S.K.: 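The structure under discussion is supplied below as structure tokens; questions concerning it will follow.
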Amino acid sequence: MHQVFDIPYIPDELDPLRSFDVHVPPDCPPHSPVLVFVHGGAWQADDKAAHRPLAERLALLSHCPVLVPNYRLTTPDTNFQHPRHAEDVLAFLAFLTTWEGLPAVRLHATRPLFLLGHSAGAHILAAILLDSDAATPSLAPPPSVRAAVRGAVLSEGIYDLDALLERFPAYRAWFVAPAFGARASYADVSVVRLPLRQGDSGSDMRWLIVHSTGDTLVDGPQSAAMAAHLRALYGPDAETRVQCSLDELHVEHDDAITTPLFLEMVCAFVQSGE
């Protein structure tokens, strides 16, 4: 396993919260897809280093490079709020499409990029991949990113913040208001209301929505609503564009992404899109 840690994705900056790790398996072919995992943590916690075991296992099983970025977080002593977390992830993705630092992860015209997001990371990726320009134009991905991304795996995701607060009112003070601001409704930042970006209905983009029945931190209806929304967006193409697994995992929120079954799902999803 070839690993490089703490690579900055903002030129001339050595901010550990805007850096990424690379995990390249020993049998990685040059044309293999590149996988990116975006961690959760309620927009205010977690770090890429905590997911090194996951990245290593995923790289070995998929035979693909796995990259794990950090992004800046909401903390009690800052006013760092949405969409700035997602702006950091988008900056990383844009950087990656032109980065030539490691040949093993170099993207080219035919090399697909697959994105994995857990919990808040799922919201971050959905806000980038769907058309959030009306509320957050800074999240519009450049053509290079749109062309590279072939699929997204979203696990235990937070998608509809208003529905989440109905189920878990304490989350408002804990992380929703700190990360999104105090407001009566969060409809404009709930990704289940976002349309496809122009032209994406005819792209090769595919989705896999995963949720564990044992998750007590984020309820399953969040993922069910996201899957239904995506299927409605794709219409007749939904059967091939949107897959979901909402009743196969039975573990807690943070354990879902480390189960052998989840890793198998990711590998099968990636392989089916090569």
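Just so you know, residue 1 is the first one in the sequence shown, and it goes up from there. This is a predicted model, so every value here is computed, not measured. Below, all heavy atoms of this structure are taken into account, side chains as well, without hydrogens, waters or symmetry copies.
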S.K.: Any side-chain heavy atom of Leu116 sitting closer than 4.5 Å to one from Val38?
M.R.: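 No; the side chains remain at least 4.5 Å from each other.
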S.K.: Is there a side-chain contact between Tyr159 and Leu164, using heavy atoms and a 4.5 Å cut-off?
M.R.: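 Side-chain contact under 4.5 Å: no.
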S.K.: Please identify each residue that fulfils side-chain hydrogen bond (donor to acceptor under 3.5 Å, both in side chains) with Asp46, with sequence neighbours left out.
M.R.: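 Counting only residues at least two positions away or on another chain, Asp46 forms a side-chain hydrogen bond (donor to acceptor under 3.5 Å, both in side chains) with His51.
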S.K.: Students often mix this up, so state it plainly: with edges at 30° and 60°, are the rings of Tyr171 and Trp174 parallel, tilted or perpendicular?
M.R.: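 If you compare the ring of Tyr171 with that of Trp174, the planes turn out perpendicular.
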S.K.: Is the centre of the Tyr9 ring less than 6.0 Å from the centre of the Trp99 ring?
M.R.: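 No, too far apart.
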S.K.: List in chain and number order the residues that pass side-chain contact (heavy atoms from CB on, under 4.5 Å) with Thr98, two or more places apart in sequence or in another chain; answer none if no residue qualifies.
M.R.: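 Scan of Thr98 (side-chain contact (heavy atoms from CB on, under 4.5 Å), adjacent residues dropped) gives none.
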S.K.: What about His2 and His23, are their ring centers closer than 6.0 Å?
M.R.: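 Between His2 and His23, the centre distance exceeds or equals 6.0 Å.
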S.K.: Indicate yes or no for a side-chain donor-acceptor contact from Arg197 to the backbone of Ile128 under 3.5 Å, with no hydrogens or angles considered.
M.R.: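 Indeed, once roles are kept as given, a pair shorter than 3.5 Å links the two residues.
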S.K.: Between Arg172 and Tyr186, is there a side-chain heavy-atom distance shorter than 4.5 Å?
M.R.: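 When only atoms from C-beta onward are counted, Arg172 and Tyr186 do touch, with a gap below 4.5 Å.
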S.K.: Step by step, work out the side chain to side chain donor-acceptor pair (under 3.5 Å) result for Asn70 and Ser19.
M.R.: CA-CA 6 Å; Asn70 266 346; Ser19 67; 4.8 Å; no
S.K.: Considering only NZ, NE, NH1 and NH2 on the basic side and carboxylate oxygens on the acidic side, decide whether Asp188 and Arg183 come within less than 4.0 Å.
M.R.: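 A salt bridge links Asp188 with Arg183.
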S.K.: Are Phe20 and Phe92 an aromatic pair by the rule of ring centers under 6.0 Å?
M.R.: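 Aromatic pair counts; centres sit under 6.0 Å.
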S.K.: Is any side-chain heavy atom of Val251 less than 4.5 Å from a side-chain heavy atom of Thr213?
M.R.: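 Result no, sub-4.5 Å side-chain heavy-atom pair not found.
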S.K.: For Glu156 and Ser119, test the side chains for any donor-to-acceptor distance below 3.5 angstrom and give the result as yes or no.
M.R.: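 No donor-acceptor contact under 3.5 Å links the two side chains.
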S.K.: State whether the side chain of Arg111 and the backbone N or O of Ser32 hold a donor-acceptor pair below 3.5 Å, judged by distance alone.
M.R.: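 Answer holds: yes.
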S.K.: Are any non-hydrogen side-chain atoms of Arg146 and Pro141 less than 4.5 angstrom apart?
M.R.: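 SC-SC contact between Arg146 and Pro141 confirmed.
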S.K.: Could you check whether the rings of His85 and Phe80 sit parallel, tilted or perpendicular, using 30° and 60° as the cut-offs?
M.R.: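 Ring orientation, 0 to 90° scale: perpendicular.
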S.K.: Cationic tip of Arg18 within the cone over Tyr71's six-membered ring, i.e. under 6.0 Å and within 45° of the normal?
M.R.: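 No.
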S.K.: By the rule that ILVMFWY residues connect when side-chain heavy atoms come within less than 4.5 angstrom, directly or transitively, which residues belong alongside Leu60?
M.R.: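 Besides Leu60, the hydrophobic cluster comprises Met1, listed by chain and residue number.
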S.K.: Would you mind reporting whether Phe37 and His118 have side-chain heavy atoms less than 4.5 Å apart?
M.R.: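 His118 vs Phe37: side chains touch.
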S.K.: Is there a donor in the side chain of Gln3 and an acceptor in the side chain of Glu56, or the other way round, less than 3.5 Å apart?
M.R.: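 Yes, a side-chain donor-acceptor pair sits under 3.5 Å.
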S.K.: Is there a side-chain contact between His211 and Asp219, using heavy atoms and a 4.5 Å cut-off?
M.R.: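 Sidechains of Asp219 and His211: no contact.
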S.K.: Assess, by modelled atom type and distance only, whether the side chains of His250 and Ser212 contain a donor and an acceptor separated by less than 3.5 Å.
M.R.: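 No.
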